**Student:** 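Structure in C-alpha cells, see below.
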2 protein chains.
Amino acid sequence: MARKRFDDSSCSVARALNEVGDWWSLLIVLQAMYGTRRFVDFQQELGIARNILVDRLCRLVDNEVLRKVDVGEHGPRFEYRLTDKGRDLFPVVIALRQWGDRYNPSPDQPPLDLRDRPSGRPIRQLEVQDAEGKPLTVRDVFVAEDNNEAPSNGKKQA
Amino acid sequence: MARKRFDDSSCSVARALNEVGDWWSLLIVLQAMYGTRRFVDFQQELGIARNILVDRLCRLVDNEVLRKVDVGEHGPRFEYRLTDKGRDLFPVVIALRQWGDRYNPSPDQPPLDLRDRPSGRPIRQLEVQDAEGKPLTVRDVFVAEDNNEAPSNGKKQA
DNA sequence: CAATCCGGTTTCATATTGCAACCCTATTGC
DNA sequence: GCAATAGGGTTGCAATATGAAACCGGATTG
C-alpha cells in the first residue's frame with residue numbers, strides 16, 4: 001500500500017520528514033551542498049536510478065527545497081540549485097553527520113574534517129542549547145503548555 | 001527492487017540515514033523522547049501498522065538506538081528505551097523540528113514551545129558554529145583535505 | 001470462564017524501488 | 001553531413017516494502 005503521508009500532522013517533525021524523510025532526498029540536498037547542480041552529476045555521484053532521481057528532484061522542487069533553473073543557451077540544460085529553505089537544512093545534515101561519525105565511523109577512513117573558511121578551524125559539535133548557550137539534553141527540555149488549551153496532566157518531555 | 005543500502009558508504013550521512021532514514025524510525029525515536037516505551041503506545045500514538053512497527057523496533061534495537069527491556073513481572077511485557085546513541089539523535093530531531101516550524105508551520109496550531117527545565121525559557125535556534133561560536137552557513141564551511149591523500153583540484157564546499 | 005490487553009505473526013492488495021532499455025534534442029568529431 | 005555522444009528524461013518490468021485487517025497465545029481482569 002501507499003506510504004503513509006504526514007502532510008497534515010500536527011507534528012512539525014513529521015511534516016519535515018514528509019519532505020525530506022525518504023532515503024534519497026537528504027542525500028540529494030547534501031550533494032547539492034557539495035556543489036552538484038546537474039541531473040547527470042547527481043545520478044553518477046549518488047548512483048541513484050534515473051526515474052527515482054526525476055521523482056525526487058521534482059518533489060524537492062515542488063517543496064521549494066530546490067529551484068530548477070533553465071541554463072539552456074543551446075539546447076535544454078537545467079540546473080537544480082538550493083533555495084534558502086534547502087540551505088537551511090544545513091544543521092540537519094551536520095547533525096546527522098556528527099551523529100554518524102560518532103556512532104558509525106567508517107572503518108577505512110577518518111570522518112570528513114569540516115572547517116570554516118575564515119579561521120580554518122574545525123566547526124563545533126552541534127548541540128541543543130538553552131537561552132544562555134548552555135548545552136541541554138532530552139531530559140532538560142519540556143513542552144510548555146499553550147495557555148489557551150485545557151491544562152494537561154503533566155509536563156511532557158521534549 | 002530492494003531499497004539501496006548505504007552501510008558501507010564512505011559518507012557518514014549516508015550511513016546515518018541507513019539507520020534512521022526511513023519514514024518511521026525517526027518518528028519512533030521522537031516518540032520515545034516524549035516518554036513512550038510500550039509497543040501498543042507507539043502503535044496508537046503513531047498510527048503505524050503493527051508489522052511495520054515490529055520491523056522498525058527490531059531494526060532500531062539491532063542498531064542500538066533502542067534497548068528492549070523485559071519488564072514482565074507477570075506475563076510478557078517489554079519496554080523499548082532509548083540508549084545513549086538514541087538520545088544523541090536529539091539535535092537531529094530538534095534541527096528537523098525547527099526547520100519544519102520555519103518552513104511548514106501548521107495552519108491550525110502554533111509550533112511546540114520547547115523550553116528548558118531549569119530556566120523555563122525557550123531553547124535556542126540550532127546553528128552550525130565555528131570554534132568561537134559564530135554562526136556558519138553552508139558556504140562558510142569546506143572539507144579540509146586529508147594530508148595523506150593526493151591533493152585535489154580545489155577545496156570543496158561542505 | 002468469557003472478555004480484554006499485550007506483543008506479535010500472517011495474509012493479501014497495493015505502492016515504491018531499481019535496472020535496463022528506449023527517446024528526443026543538441027553538440028561534437030571527423 | 002553523418003555517426004557518436006551528452007543531457008534529461010520516459011517506459012516496462014521484476015523485486016520489495018508498506019498498510020490494513022485478521023488471527024494467535026499467554027496473562028489478567030471481571
Side-chain angles (χ1 to χ4, degrees), chain A residues 1-9 14 17-28 31-32 35-63 66-81, chain B residues 1-9 14 17-29 31-32 35-63 65-81:
Chain A
M1 258 211 178
R3 216 207 81 219
K4 209 160 191 171
R5 288 340 256 263
F6 305 106
D7 315 76
D8 53 348
S9 168
L17 287 175
N18 215 27
E19 302 199 346
V20 295
D22 71 305
W23 296 104
W24 287 114
S25 295
L26 257 190
L27 289 178
I28 291 173
Q31 202 60 51
T36 301
R37 300 175 156 196
R38 310 293 294 277
F39 185 91
V40 280
D41 295 333
F42 282 113
Q43 212 258 306
Q44 296 201 340
E45 306 215 46
L46 293 172
I48 183 177
R50 305 165 77 67
N51 50 350
I52 305 296
L53 180 55
V54 171
D55 181 81
R56 292 307 186 274
L57 287 174
C58 287
R59 223 205 278 296
L60 289 170
V61 168
D62 283 349
N63 291 332
L66 295 179
R67 254 170 44 240
K68 183 172 184 176
V69 181
D70 188 337
V71 294
E73 312 240 324
H74 15 259
R77 290 300 139 87
F78 301 103
E79 285 189 359
Y80 295 90
R81 300 190 195 159
Chain B
M1 258 211 178
R3 217 209 80 220
K4 210 158 189 173
R5 284 348 254 269
F6 305 106
D7 314 76
D8 53 349
S9 168
L17 287 175
N18 216 27
E19 301 199 347
V20 294
D22 71 306
W23 296 105
W24 287 114
S25 296
L26 257 189
L27 290 177
I28 291 173
V29 170
Q31 201 61 49
T36 301
R37 298 173 157 199
R38 308 294 295 277
F39 184 90
V40 281
D41 295 332
F42 282 112
Q43 211 258 307
Q44 296 201 340
E45 306 215 46
L46 292 173
I48 182 176
R50 307 165 76 67
N51 49 350
I52 305 298
L53 180 55
V54 171
D55 180 81
R56 292 309 185 273
L57 287 174
C58 287
R59 223 205 280 294
L60 289 169
V61 168
D62 283 349
N63 291 330
V65 172
L66 296 178
R67 255 170 43 239
K68 183 173 184 174
V69 181
D70 189 337
V71 294
E73 312 241 324
H74 16 258
R77 293 296 138 90
F78 301 103
E79 285 188 358
Y80 295 90
R81 299 188 196 162

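As the structure is a prediction and not an experimental result, all values here were calculated from the model.
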**Student:** Would you give a per-nucleotide map of nucleotides 5-10 of chain D, 5' to 3', where B means the base has a protein non-hydrogen atom under 4.0 Å away, S means only the sugar-phosphate does, and - means neither?
**Tutor:** --SBBB
**Student:** Over how many whole Å does the gap from W23(B) atom CH2 to dT17(C) atom C1' extend?
**Tutor:** 13 Å
**Student:** For I48(A) and dC19(C), what is the distance between atoms CD1 and P respectively, to the nearest whole Å?
**Tutor:**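 The answer, rounded to whole Å, is 10 Å.
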**Student:** Would you please name every residue forming a salt bridge (charged side-chain N to carboxylate O under 4.0 Å, His left out) with R81(A), sequence neighbours left out?
**Tutor:** E79(A)
**Student:** Expressed in angstrom and rounded to an integer, what is the separation of L66(B) atom CG from dG7(C) atom C1'?
**Tutor:**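 After rounding, the gap between these two atoms is 16 Å.
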**Student:** Checking R59(B) now: which residues fulfil salt bridge (charged side-chain N to carboxylate O under 4.0 Å, His left out) with it, not counting sequence neighbours?
**Tutor:**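 D55(B).
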**Student:** Could you state the CZ-C1' distance from R5(B) to dG18(C), rounded to the nearest angstrom?
**Tutor:**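 Spelled out: CZ on R5(B) to C1' on dG18(C) is 14 Å.
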**Student:** Evaluate the criterion side-chain contact (heavy atoms from CB on, under 4.5 Å) for residue pair W23(B) and R3(A); output intermediate values, then yes/no.
**Tutor:** CA-CA 8 Å; W23(B) 296 105; R3(A) 216 207 81 219; 2.5 Å; yes
**Student:** Does dG19(D) have its OP1 or OP2 closer than 4.0 Å to a side-chain nitrogen or oxygen of W24(B)?
**Tutor:** yes
**Student:** Scan for salt bridge (Lys or Arg N to Asp or Glu O under 4.0 Å) pairs involving residues 17-28 of chain A, sequence neighbours excluded, and state none if there are none.
**Tutor:**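 Pairs touching residues 17-28 of chain A that pass the test: E19(A)-K85(A), D22(A)-R56(A).
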**Student:** Round to the nearest Å and state the distance from L53(B) atom CG to dC6(C) atom C1'.
**Tutor:**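 The answer, rounded to whole Å, is 12 Å.
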**Student:** In whole angstrom, what separates R3(A)'s CZ from dA20(D)'s C1'?
**Tutor:**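 It works out to 17 Å between those atoms.
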**Student:** What integer distance in Å separates I52(B):CD1 from dT10(C):P?
**Tutor:** 14 Å
**Student:** Please identify each residue that fulfils salt bridge (charged side-chain N to carboxylate O under 4.0 Å, His left out) with D41(B), with sequence neighbours left out.
**Tutor:** none
**Student:** Can you list everything that forms a ring pair (Phe, Tyr, Trp, His ring centres under 6.0 Å) with F6(A)? Sequence neighbours excluded, please.
**Tutor:** W24(B)
**Student:** Looking only at side-chain atoms of K4(B), point me to the closest of dC19(C), dT17(C), dG19(D).
**Tutor:**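 Nearest to the side-chain atoms of K4(B), counting from C-beta on, is dC19(C).
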